[in-house]
Amino acid sequence: MSRVIFDGVTKLYSGGGAAAVSNLNLEIEEEEFLVLVGPSGCGKSTAMRMVAGLEEISEGRIIIGDRVVNDLPPKDRNVAMVFQSYALYPHMSVRDNLAYPLKLRKVPKAEREQRVREAARILDIEQYLDRKPKALSGGQRQRVALGRAIVRNADLFLMDEPLSNLDAKLRVQTRAELVKLHDRVKTTTIYVTHDQTEAMTMGDRIAVLSLGILQQLDTPQNLYDNPANKFVAGFIGSPSMNFIDVTIEAADSKLWAVTPGFKMVVPANAAKGLENYVGKTVTMGVRPEHLIEKSRIAGGAPEGSLIPVSVDVVELLGNEIFVYLTNQGATLTARMPPDIKLERGQDIEVATESDKLHFFDIETDAAIR
């Protein structure tokens with residue numbers, strides 16, 4: 001097991017244009033499960049491929065354990081990679097697929113067989129050892145691909161969107177299996193995905209990338225509660241955070257968020273840092289689950305806390321409903337309990353949970369603390 005350090009790592013492709021990865025500084029601790037997440041083209045797969053040695057580094061250093069590996073060939077880095085396409089040999093049995101990396105390294109046959117049996121036991125695929133990949137389901141093939149990484153006794157696991165080829169139900173099941181597997185084998189893991197649900201449910205920490213730049217590195221809960229900027233706030237969470245441009249005004253010893261459609265008091269705990277924005281426009285953010293229909297507010301709604309909205313669409317999901325709302329052109333999504341009876345075109349009022357508002361600088365997109 002090894003820690004991994006990105007020290008000012010940049011990747012530039014020939015032909016100019018923006019850097020695929022720009023000045024990435026990141027330290028992954030031993031035994032940590034770190035998720036690199038971001039939209040397509042953000043540089044997350046490129047960052048992982050540089051660790052594996054499949055992409056050259058333009059600037060900076062990558063350190064695995066105590067070694068700078070910039071010029072080390074992939075075979076000497078002792079990392080194991082799991083791809084989204086499984087990359088299994090179709091003509092080989094599961095047993096031979098698992099043993100093949102060890103055979104290449106001239107591991108003695110007895111030890112090969114022992115490692116294969118142990119990996120198959122951990123992943124519960126012992127009954128499939130004599131089958132060919134075509135006789136396995138997608139989830140079983142993915143477990144074989146994971147097993148091929150486990151038998152290596154590698155210092156580092158690199159996983160490149162390994163669940164993207166699975167159906168939704170199997171993805172949920174395999175996510176849980178991967179977390180349990182990491183708890184068992186304790187190998188440092190870098191996991192790449194564009195799926196923020198995978199990131200939130202699996203990572204010890206999450207590194208959010210956009211346009212090759214690290215936006216924030218934190219635990220899943222801190223990312224959700226305290227996003228560093230508007231991009232992170234909008235990317236993490238489903239449905240995504242609502243954003244409305246508001247003007248900050250001061251009156252009656254309070255700060256107010258004002259739009260053509262509403263005027264609401266900024267709660268004292270959210271007003272910190274906004275004193276310098278009086279008379280200016282900022283972006284206000286609130287998550288769908290933090291919008292509350294007026295009748296559900298215990299003790300009634302405080303003065304200046306309500307937003308009048310019209311119901312556009314109601315989506316019933318069984319255990320909850322998503323309600324799409326408008327307020328003079330501004331659109332909002334609310335997550336509500338299923339027993340609230342709402343109809344299209346209905347006019348209602350919603351309030352925000354007082355300690356759950358976020359504000360962002362409209363020019364820099366940075367969170368206003």
Side-chain angles (χ1 to χ4, degrees), residues 39 167-169 171-172 194-201 220-221 223-225 227 230-249 251 254-271 281-360 362:
D167 62 51
K169 183 178 180 180
R171 271 203 307 272
V172 173
H194 66 275
D195 186 330
Q196 55 93 20
T197 302
E198 280 183 25
M200 289 290 290
T201 55
Q221 196 63 54
L223 276 179
Y224 193 80
D225 293 338
K230 185 179 174 183
F231 175 82
V232 175
F235 189 81
I236 299 295
S238 180
S240 61
M241 183 180 286
N242 297 293
F243 296 112
I244 305 173
D245 287 346
V246 299
T247 301
I248 302 301
E249 295 183 0
K254 299 174 183 175
L255 293 182
W256 298 75
V258 181
T259 76
F262 65 86
K263 180 178 181 178
M264 62 177 287
V265 174
V266 178
N269 58 349
T281 299
V282 300
T283 300
M284 183 177 76
V286 59
R287 295 201 180 278
E289 59 269 31
H290 299 147
L291 285 172
I292 308 167
E293 197 269 330
K294 179 181 177 180
S295 66
R296 299 304 176 100
I297 302 170
E303 181 184 358
S305 65
L306 292 172
I307 302 174
V309 291
S310 177
V311 176
D312 278 351
V313 178
V314 179
E315 290 183 347
L316 176 62
L317 301 176
N319 64 328
E320 61 186 1
I321 59 174
F322 291 165
V323 188
Y324 298 91
L325 310 163
T326 57
N327 170 276
Q328 290 203 12
T331 59
L332 297 167
T333 304
R335 174 186 265 129
M336 297 183 180
D339 59 332
I340 293 181
K341 304 304 178 186
L342 299 173
E343 297 180 358
R344 292 184 63 183
Q346 183 177 350
D347 293 327
I348 62 172
E349 291 180 297
V350 294
T352 63
E353 289 193 34
S354 63
D355 60 341
K356 302 297 185 181
L357 280 178
H358 303 264
F359 291 91
F360 304 92
I362 204 163

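Computation of the quantities below employed the complete heavy-atom set of this structure, encompassing side-chain atoms and omitting hydrogens, waters and symmetry-equivalent molecules.
Under the side chain to side chain contact (heavy atoms under 4.5 Å, CB included) test applied with Ile348, the options Ile307, Leu325, Leu306 reduce to a single match, Leu325. Checking Thr281, Val266, Val282 one by one against Val246, the side chain to side chain contact (heavy atoms under 4.5 Å, CB included) holds for a single residue, Val282.
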Checking Asp312 against Thr331 for the side chain to side chain contact (heavy atoms under 4.5 Å, CB included) test, could you report, in this order, the C-alpha distance in whole Å, the side-chain angles of both residues, the deciding distance, and whether it holds? CA-CA 9 Å; Asp312 278 351; Thr331 59; 5.7 Å; no

Take Thr352 and His290 through the test side chain to side chain contact (heavy atoms under 4.5 Å, CB included) and record every step on the way to the result. CA-CA 6 Å; Thr352 63; His290 299 147; 5.9 Å; no

Using the rule given for side-chain hydrogen bond (donor to acceptor under 3.5 Å, both in side chains), can you reason through Asp245 versus Thr283, listing the C-alpha separation, both sets of side-chain angles and the distance that settles it, and then say yes or no? CA-CA 4 Å; Asp245 287 346; Thr283 300; 2.9 Å; yes

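Distance CZ/Phe360 to CE/Met284: 11.0 Å, rounded to 0.5 Å. For the atom pair CG of Asn327 and CZ of Phe262, the computed distance is 6.0 Å after rounding to the nearest 0.5 Å. The CG atom of Leu357 lies 8.0 Å from the CG atom of Asn269; values are rounded to the nearest 0.5 Å. Within the model, atoms CZ of Arg171 and OG1 of Thr197 stand 9.0 Å from one another, a figure rounded to the nearest 0.5 Å. Atom CE of Met241 and atom NZ of Lys356 lie 10.5 Å apart (nearest 0.5 Å). Distance CD/Gln328 to OG1/Thr326: 9.5 Å, rounded to 0.5 Å.
Across all non-hydrogen atoms, the minimal contact from Pro308 to Gly261 is CG-O, 3.8 Å. When every heavy atom of Asn319 is checked against every heavy atom of Pro338, the shortest pair comes out as O-CD, 3.4 Å. A pairwise comparison of heavy atoms in Arg287 and Ile236 identifies NH1-O, 2.9 Å as the closest pair. Of all heavy-atom pairs between Trp256 and Gly304, the closest is CZ3-CA, 4.3 Å. When all heavy atoms are compared, the tightest approach of Ala334 to Met336 is CB-CE, 3.7 Å. The shortest heavy-atom contact between Ala351 and Ile297 is CB-CD1, 3.6 Å.
Remark: Asp339 engages Arg296 in a salt bridge (charged side-chain N to carboxylate O under 4.0 Å, His left out) (not counting sequence neighbours). Partners of Glu353 according to the salt bridge (charged side-chain N to carboxylate O under 4.0 Å, His left out) rule, which considers only residues two or more places apart in sequence or in another chain, do not exist here.
Residues Phe322 and Pro288 have side chains not in contact (no heavy-atom distance under 4.5 Å, counting atoms from C-beta outward). Residues Ile292 and Val350 fail the side-chain proximity criterion, which asks for heavy atoms closer than 4.5 Å. Contact check for Asp347 versus Val309: no side-chain heavy atoms found under the 4.5 Å cut-off. The side-chain heavy atoms of Ser305 and Met264, taken from C-beta on, include no pair separated by under 4.5 Å. Using a 4.5 Å cut-off on side-chain heavy atoms (C-beta onward), Pro337 and Glu320 make no contact.
In terms of modelled atom types and a separation under 3.5 Å, the side chain of Asn242 and the main chain of Thr333 share a donor-acceptor contact. Between the Ser240 side chain and the Gly237 main chain, no donor and acceptor come within less than 3.5 Å of each other. In this structure, the side chain of Arg335 engages the main chain of Ser238 through a donor-acceptor pair within 3.5 Å. For Gln346 (side chain) and Glu343 (main-chain N/O), a donor-acceptor pair under 3.5 Å exists by modelled atom type.
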